[in-house]
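By convention in this document, chain letters (A, B, ...) are assigned in the order of the sequence lines, proteins followed by strands, and residues within each chain are numbered from 1.
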Amino acid sequence: MTLTLYNTLTRRKEPFEPIDPKNVRMYVCGPTVYDLAHIGNARPIIVFDVLFRLLRHLYGEQHVTYARNITDVDDKINARAVERFPEMPPTEAIRKLTEETTAQFHKDIAALGVLPPTVEPRATDHIAEMRVLCDELVANGHAYVGEDHVLFAVGSMPDYGKLARRSLEEMEAGARVDVAPYKRGPMDFVLWKPSKPGEPSWPSPAGIATPGRPGWHIECSAMAGKHLGNVFDIHGGGIDLVFPHHENEIAQSRCAHGTSVMANVWMHNGFLQVEGEKMSKSLGNFVTIKELFDEWRGYSWPGQVARFAMLGTHYRQPIDFSQDALDQASIALSGFKTWAADIPGASPSREFMDALSDDLNTPRAIAELHRLSQLAQRGVHEQTDRMTKPGAMLEKLEASPAAQLSASLSFLGLDMESYDRNWVQNQSRLSISEEQSAKIAQLISARLAARKAKNWAESDRIRDELAAMGIQLKDGKDPQTGEAITMWEVKR
RNA sequence: GGCGACGUGGCGGAGUGGUGACGCAGCGGACUGCAAAUCCGCGUACGCCGGUUCAAUUCCGGCCGUCGCCUCCA
């Protein structure tokens with residue numbers, strides 16, 4: 001089994017070869033903590049969590065370092081902090097905002113079954129490293145100072161634009177931004193900028209007297225360099241980050257460290273839409289992770305359902321996040337829950353691992369889940385037959401489809417232990433009042449009596465009456481006594 | 001305007017130069033007094049127009065459509 005990953009740098013799938021198998025290093029761009037994380041934010045977090053699990057499986061838990069940052073210095077943060085806590089001094093307001101948002105982020109993604117990364121560096125803890133990068137870049141001629149800003153000189157790097165596959169000329173020709181007077185080249189970008197009064201500020205690098213704060217891209221270069229080294233294995237994020245964020249990270253890091261690459265493999269997940277439309281606040285279809293758990297479209301969705309729905313589409317494809325997708329995920333998980341058996345020592349099936357190893361082909365892996373589930377069902381039926389015969393023996397339990405199914409689900413980070421396969425029905429019942437509930441129970445016992453008397457007309461009439469109330473009946477037998485019992489649920 | 005991605009059956013969604021993954025829905029059957037649930041079975045789809053090829057959904061070119069990036073954005 002060889003791990004193959006699609007590399008944005010080469011636009012090809014390539015066999016993955018770590019620089020050091022004893023220390024495989026991956027960096028993923030984490031959130032800017034100014035507001036609740038939304039389901040678009042959740043996609044890379046989930047996708048790279050799966051990759052993290054796969055890498056740990058392949059190289060050993062102790063041999064993988066996964067860094068995912070928290071960006072807690074940013075203009076949006078400053079603006080939001082003042083807006084939300086106008087009574088506080090700005091620096092205090094900013095700390096309160098970033099701490100609260102970070103805590104909620106951790107809560108949200110934990111519910112999505114996401115493992116904590118090995119390190120989760122914060123931008124504000126790495127200001128010194130950013131200053132050093134600025135100094136180095138100015139010293140070696142890749143950056144310059146203008147009006148108390150430090151700017152990266154894009155023209156000083158011959159292959160700037162390689163990741164995004166754009167040439168400087170075409171970018172400059174198509175540029176729609178006004179060029180600030182302190183820029184030498186129109187595409188030059190800010191590494192450090194002066195702070196206005198009230199804004200967070202730190203002593204500036206490159207001999208600038210005015211206190212300042214970092215630009216957007218520098219924090220990732222600083223944190224990745226510190227925790228993973230000047231060159232590491234995998235760098236991931238959303239496809240919208242390819243340009244300018246990742247391109248600029250590459251420029252800063254490579255020019256500061258004098259390396260030919262920053263990371264060997266660059267991975268990008270596709271964009272997310274909601275019900276076929278771009279997710280935006282103005283369209284009113286903005287969905288936060290927290291909202292999904294609290295209430296979205298009438299349900300509070302289990303984290304497993306959201307996670308599974310997200311993995312149903314290959315990570316590089318655009319994904320349409322919809323209620324229909326969540327419903328289908330929920331149905332599939334309920335089926336798996338029924339047939340999976342948690343057997344110690346079990347492993348995911350070969351095909352499952354092969355699918356994941358093929359550039360994280362989660363849809364193919366999920367197809368394998370369905371196959372195992374089907375085999376498990378058949379196995380149960382066959383076993384029931386065999387159990388009735390003397391000498392029936394269960395062999396190789398840990399290699400059984402039910403065990404493999406369970407292990408595969410667990411590998412994907414889907415906690416089936418806590419997943420309630422009847423969660424939809426149970427939630428629906430919450431909307432039924434006490435009186436309705438009593439009425440339903442009364443009708444059901446009347447119908448049972450009618451059925452006992454083989455009065456099918458009356459029995460069916462009652463079922464229709466309940467159906468008109470939106471109640472679906474399910475007849476069955478008590479497994480112990482064999483007595484007829486009737487369950488009900490709210491029709492969807 | 002520049003750059004890029006995508007367009008597969010009713011829906012979702014893999015994949016492949018030549019035997020139609022997988023799921024949902026639907027249909028048929030088993031079970032049931034009848035249903036529901038469950039189980040079994042059933043599907044000749046790859047945006048359009050050209051080209052390459054013995055053979056293209058799969059490769060190449062053009063067109064159309066959707067989306068993204070170029071400014072903050074996962």
Side-chain angles (χ1 to χ4, degrees), chain A residues 8 11 28-32 34-35 37-48 68 71 74-76 79 161 164-167 169-178 187 189 216 236-247 268-273 276-281 308-309 311-322 324-332 335 338 351 355 358 361-371 373-374 377-378 380-381 425 450-451 454-457 459-460 463-464 466-467 471-477 484 486-489 491:
Chain A
T8 306
R11 314 270 154 148
V28 171
C29 292
T32 299
Y34 71 105
D35 203 349
H38 55 72
I39 51 175
N41 297 305
R43 172 119 104 144
I45 302 284
I46 291 172
V47 163
F48 291 104
R68 191 188 61 217
T71 295
D74 177 89
D75 289 350
K76 288 195 296 291
R165 303 242 160 149
R166 308 173 188 207
S167 69
E169 297 78 61
E170 70 195 21
M171 284 191 277
E172 287 174 359
R176 301 190 297 195
V177 271
D178 292 336
M187 296 308 291
F189 60 91
W216 174 32
I239 196 164
D240 54 316
L241 292 181
V242 171
F243 195 90
H245 186 56
H246 288 164
E247 194 70 58
H268 296 95
N269 62 272
F271 219 72
L272 176 141
Q273 290 188 284
E277 288 184 304
K278 177 178 173 151
M279 182 167 71
S280 72
K281 281 177 178 157
F308 189 79
L311 296 176
T313 298
H314 182 87
Y315 77 92
R316 279 191 281 118
Q317 293 287 105
I319 191 172
D320 186 23
F321 194 86
S322 62
D324 192 51
L326 289 174
D327 284 341
Q328 287 199 21
S330 175
I331 291 168
T338 309
E351 164 55 22
D358 179 14
N361 194 331
T362 49
R364 209 177 106 201
I366 288 171
E368 169 66 3
L369 256 31
H370 286 289
R371 191 186 70 89
S373 178
Q374 197 181 32
Q377 294 169 30
R378 289 182 179 159
V380 165
H381 294 142
Q425 282 76 24
R451 291 182 69 213
K454 297 203 190 300
N455 184 353
W456 309 125
S459 162
D460 291 350
R463 186 172 61 204
D464 291 345
L466 282 164
I471 303 301
Q472 174 69 57
L473 298 182
K474 289 189 197 179
D475 287 332
K477 280 180 179 172
T486 296
M487 316 274 277
W488 63 273
E489 63 189 44
K491 278 189 193 170

**OP:** Indicate, with a heavy-atom threshold strictly under 4.0 Å, whether A:H38 touches base, sugar-phosphate, or nothing.
**Re:** base
Original post:
Taking the side chain from A:E489 and the backbone from A:Q472, do they hold a donor-acceptor pair closer than 3.5 Å?
Top reply: no
Subject >> Sugar-phosphate, base or nothing in reach of A:G312, heavy atoms under 4.0 Å >> reply: sugar-phosphate
Original post:
Touch check for A:L272, heavy atoms < 4.0 angstrom, all strands: base, sugar-phosphate only, or nothing?
Top reply: base
**OP:** Record whether the side chain of A:R463 comes under 3.5 Å of the base of B:C34 through a donor-acceptor pair of N or O atoms.
**Re:** yes
Subject >> Rounded interatomic separation in angstrom, taking CZ from A:F189 and P from B:C72 >> reply: 12 Å
Subject >> Any-strand Watson-Crick or G-U partner of B:A5, both distances under 3.5 Å >> reply: B:U66
Original post:
Across all strands, who's sitting opposite B:C42 as a Watson-Crick or G-U wobble pair, both distances under 3.5 Å?
Top reply: B:G26
Original post:
Within the structure shown, what part of the strands sits under 4.0 Å from A:K474 by heavy-atom distance: base, sugar-phosphate, or nothing?
Top reply: base
Original post:
Can a donor-acceptor pair under 3.5 Å be found between the side-chain atoms of A:D460 and the base atoms of B:G33?
Top reply: yes
Original post:
Tell me: CD1 of A:I239 to C1' of B:A74, nearest whole Å?
Top reply: 11 Å
Original post:
Any donor-acceptor pair under 3.5 Å between the side chain of A:Q328 and the base of B:G12?
Top reply: no
**OP:** Describe the nucleic acid contact of A:F271 in one word from base, sugar-phosphate, nothing, applying a heavy-atom distance below 4.0 Å.
**Re:** base
Subject >> Any A:Q317 side-chain N or O less than 4.0 Å from OP1/OP2 of B:G13 >> reply: no
Original post:
Which part of the nucleic acid, if any, lies within reach of A:K454 when heavy atoms closer than 4.0 Å are counted: base, sugar-phosphate only, or nothing?
Top reply: nothing
**OP:** Using the six-membered ring of A:F243, assess whether NZ or CZ of A:R166 lies under 6.0 Å from its centre and within 45 degrees of the ring axis.
**Re:** yes
Subject >> First of A:G40 and A:H370 reached from the 5' end of RNA chain B, by closest nucleotide >> reply: A:H370
**OP:** Determine the contact category for A:S459: base if any of its heavy atoms lies under 4.0 Å from a base atom, sugar-phosphate if only primed atoms, P, OP1 or OP2 are that close, otherwise nothing.
**Re:** base
Original post:
Should B:G18 form a Watson-Crick or G-U wobble pair with both distances under 3.5 Å, which nucleotide is its partner?
Top reply: B:C54
**OP:** Rounded to whole angstrom, note down the C1' distance from B:C11 over to B:C3.
**Re:** 33 Å
**OP:** Identify, between A:N269 and A:F243, the residue whose nearest nucleotide on RNA chain B lies closer to the 5' end.
**Re:** A:F243
Original post:
How many Å lie between CG on A:D324 and P on B:C24, as a whole number?
Top reply: 12 Å
**OP:** Answer with base, sugar-phosphate or nothing: what part of the nucleic acid does A:R165 contact at a heavy-atom distance below 4.0 Å?
**Re:** sugar-phosphate
**OP:** Remember a base hit wins even if backbone is also touched, and classify A:D75 as base, sugar-phosphate or nothing at under 4.0 Å, heavy atoms.
**Re:** nothing
**OP:** Could you check whether A:R451 gets within reach of a base, just the sugar-phosphate, or nothing at all, counting any heavy atom under 4.0 Å?
**Re:** base
**OP:** Return the nucleotide paired to B:G61: Watson-Crick means purine N1 to pyrimidine N3 with N6-O4 or O6-N4, wobble means G-U with N1-O2 and O6-N3, both under 3.5 Å.
**Re:** B:C49
Subject >> Side-chain donor or acceptor of A:E247 paired with backbone N/O of A:A164 under 3.5 Å >> reply: yes
Original post:
Base, sugar-phosphate alone, or nothing: which one does A:L473 contact when heavy atoms must sit under 4.0 Å apart?
Top reply: base
Original post:
NA contact type, A:Q273, heavy-atom cut-off 4.0 Å: base, sugar-phosphate, or nothing?
Top reply: sugar-phosphate
